[in-house]
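What follows is a set of notes on a single structure, which appears directly below.
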Amino acid sequence: MLQVTVLREQTAHVIEGLNKKNYKNAAEEVAALLELDQQRRQLQSEHDELQGRANSIAKEIGVLMKNGEREKAEASKAETSELKQKTKSLAEQLSTVEDQIQQALYKLPNLPHESVPTGRTAEDNEVVLENGEIPKLFDGAQPHWELIQKYDIIDFELGNKISGAGFPVYKGKGARLQRALINFFLDEAIAAGYMEIQPPILVNEASGFGTGQLPDKEGQMYHATEDNLYLIPTAEVPITNIYRDMILPVAQLPVMNTGHTPCFRREAGSWGADVRGLNRLHQFDKVEIVQITLPEKSYEALEQMSLHIQGLLQKLELPYRVLRLCGGDMGFTSALTYDMEVYSTAQGRWLEVSSASNFETYQANRLKLRYKNESGKTQLLHTLNGSALALPRIVAAILENNQTPDGIDMPKVLHSYLGFDRIS
RNA sequence: AGAGAGUUGGCGGAGUGGUCGAACGCGGCGGUCUUGAAAACCGUUGACUGUAACAGGUCCGGGGGUUCGAAUCCCUCACUCUCUGCCA
């Protein structure tokens with residue numbers, strides 16, 4: 001979440017940023033928040049003063065009791081009762097105001113980086129670059145949801161039977177392709193300097209708050225109510241929360257972690273067009289990369305992550321493009337997001353396979369993730385993450401783009417991982 | 001799942017109602033000594049809030065209560081450990 005001091009000191013900049021993110025009533029809400037903040041500080045200092053007096057009287061009473069001056073002690077006790085009442089009432093008001101501020105802050109999205117294009121929808125995203133030839137397919141080429149049936153490698157019906165829609169069963173070479181991709185992605189990340197992590201895939205409430213899934217996106221996560229744990233929608237949640245409530249030594253930076261996990265998304269309300277086959281699932285696999293850096297290094301890190309992701313797509317020989325998301329299409333917690341899209345030839349459209357974001361201090365503020373700068377002051381770090389990569393749409397694109405009338409050729413880089421080079 | 005014990009500063013570990021933000025040890029930092037290092041000795045060493053700077057306030061797992069005063073007493077929740085049971 002945003003820091004109150006930033007709202008106070010850079011009000012105009014904050015409002016401008018919120019507007020760019022298409023946040024409604026930014027000016028009014030910020031003004032209301034600052035008003036609350038003013039009240040809070042006023043109440044705080046009144047409360048603290050009374051509390052301070054009560055504290056010193058209590059100490060005096062202690063001394064009087066020790067000296068056996070009972071009567072004086074009793075007199076002082078009477079004096080504090082009124083103080084106590086006032087303090088209590090101020091404390092109540094204070095906590096109400098603090099709560100209001102907290103709620104208001106949760107509602108504010110992160111501010112966009114200056115390079116973020118203005119815009120409202122995906123139409124307004126900026127295409128940063130395109131790479132690779134879009135292959136020409138033969139007549140009768142099929143979309144992946146037909147190919148997976150033809151070669152019997154991914155089974156949605158079975159998934160329906162044992163779980164429900166959006167939970168496919170991968171079989172035979174389909175399953176092996178999954179495993180090969182996961183290993184390939186992890187090996188590449190490790191070679192790039194990331195440390196592999198296997199985190200829990202059920203997380204507690206505090207972790208959900210830390211990375212910003214809670215409270216606003218509660219409905220998107222599966223919730224195990226009996227134990228109040230959430231199935232992770234991305235490895236970002238457990239891997240970033242490892243560092244919750246930490247003050248990291250500068251020597252440990254940047255933190256570079258990677259991990260493969262299944263991801264679970266309820267996708268409530270988002271079913272409709274373009275969700276056939278592997279395009280949108282409730283459960284899918286993803287390799288995630290996470291970095292935690294000094295503030296001045298975070299954009300460099302984001303570029304590095306973007307290049308890493310592009311390298312994967314190049315090695316898989318998939319045509320892709322990189323988008324810089326516009327203010328209206330960006331995630332709530334992000335300051336700058338690059339989306340990587342792969343061209344799905346049989347569907348004739350681009351599919352998002354990765355998203356790399358710099359959250360600057362937005363998550364770190366919630367996480368209390370900090371470092372000590374040279375003058376010994378604790379300051380918030382920057383957090384970043386990216387998919388490297390999410391499997392289902394990669395699988396869809398590989399199947400569609402590499403199909404021949406009697407089989408599907410696997411990208412060369414996967415051969416050693418797969419143990420076969422063609423699905424037929 | 002049943003029974004019991006516990007949760008204190010970076011770590012270990014005192015503290016059971018009154019100058020306790022917290023003894024002591026370790027670690028860290030600074031200094032003396034040394035050609036340098038180690039050892040020894042001296043000093044220092046949490047976070048948040050707040051202020052122009054002081055001051056002040058909050059924090060001993062979370063929340064609530066008793067009291068003039070709580071790390072210390074009470075309630076409640078969470079978590080951890082040990083034993084028993086079950087199990088990959």
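Proteins come first, then strands; the chains are lettered A, B, ... in the order of their sequence lines, and each starts at number 1.
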Which value, in whole Å, describes the distance between the P atoms of nucleotides A37(B) and A47(B)?
28 Å
Do any of residues 50-64 of chain A sit with a heavy atom less than 4.0 Å from RNA chain B, and if so which?
Q51(A), G52(A), N55(A), A58(A), I61(A), G62(A)
Checking all strands, does T80(A) fall into the base, sugar-phosphate, or nothing category for heavy-atom contacts under 4.0 angstrom?
sugar-phosphate
C1' gap between G18(B) and G13(B), integer Å
24 Å
Atom C1', compared across C77(B) and U7(B): separation rounded to whole Å:
14 Å
Under 3.5 Å donor-acceptor, R366(A) side chain and F209(A) backbone:
yes
Nucleotide-level pairing of RNA chain B, given in dot-bracket where Watson-Crick and G-U pairs need both distances under 3.5 Å and | marks other strands
((((((((.[[[..)..(.....]]]((((((.......))))))((((......)))).[[[[[..)....]]]]])))))))....
Qualifying ring pair (Phe, Tyr, Trp, His ring centres under 6.0 Å) pairs with a residue from residues 226-253 of chain A, counting only residues at least two apart or across chains
H223(A)-Y230(A)
Using side chain to side chain donor-acceptor pair (under 3.5 Å) as the criterion, list what pairs up with S76(A), not counting sequence neighbours.
none
Using a heavy-atom cut-off of 4.0 Å to chain A, what are the terminal contacting nucleotides of RNA chain B, in 5' to 3' order?
G18(B) to G69(B)
Quote, to the nearest angstrom, the P distance that separates C74(B) from U82(B).
26 Å
Expressed in whole Å, how much space separates the C1' atoms belonging to G9(B) and G17(B)?
22 Å
Please name all residues satisfying salt bridge (charged side-chain N to carboxylate O under 4.0 Å, His left out) with E126(A), sequence neighbours left out, ordered by chain then number.
R324(A)
Tell me every residue that passes side-chain contact (heavy atoms from CB on, under 4.5 Å) with E303(A), counting only those two or more places apart in sequence or in another chain.
Y338(A)
Sorted by position of nearest nucleotide on RNA chain B, 5' first, the leading residue of R8(A) and E49(A) is R8(A)
Return each pair, listed once, that meets side-chain hydrogen bond (donor to acceptor under 3.5 Å, both in side chains) where at least one residue sits in residues 380-390 of chain A; pairs must be two or more places apart or across chains.
E236(A)-N385(A), S298(A)-H382(A), Q363(A)-T383(A)
Span that lies between the C1' atom of C83(B) and that of C26(B), in whole angstrom:
32 Å
D124(A): what forms a salt bridge (charged side-chain N to carboxylate O under 4.0 Å, His left out) with it, not counting sequence neighbours?
none
Return the set of residues passing salt bridge (charged side-chain N to carboxylate O under 4.0 Å, His left out) with K315(A) (not counting sequence neighbours), or none when no residue passes.
E188(A)
Can you check the distance between G69(B) and U19(B), where both ends of the measurement are the P atom (answer in whole Å)?
15 Å
Base, sugar-phosphate or nothing for K372(A)? Non-hydrogen atoms, less than 4.0 Å.
sugar-phosphate
Base, sugar-phosphate alone, or nothing: which one does S45(A) contact when heavy atoms must sit under 4.0 Å apart?
nothing
Residues in side chain to side chain donor-acceptor pair (under 3.5 Å) with N25(A), at least two apart?
none
Would a distance-only check, ignoring hydrogens and angles, find a side-chain to backbone donor-acceptor pair under 3.5 Å from T87(A) to L83(A)?
yes
Under 3.5 Å, is there a donor-acceptor pair linking the side chains of S355(A) and D339(A)?
yes
Between U44(B) and G25(B) - P atom distance, rounded Å:
13 Å
Check salt bridge (charged side-chain N to carboxylate O under 4.0 Å, His left out) between R40(A) and all other residues, then give those that pass, not counting sequence neighbours.
D37(A)
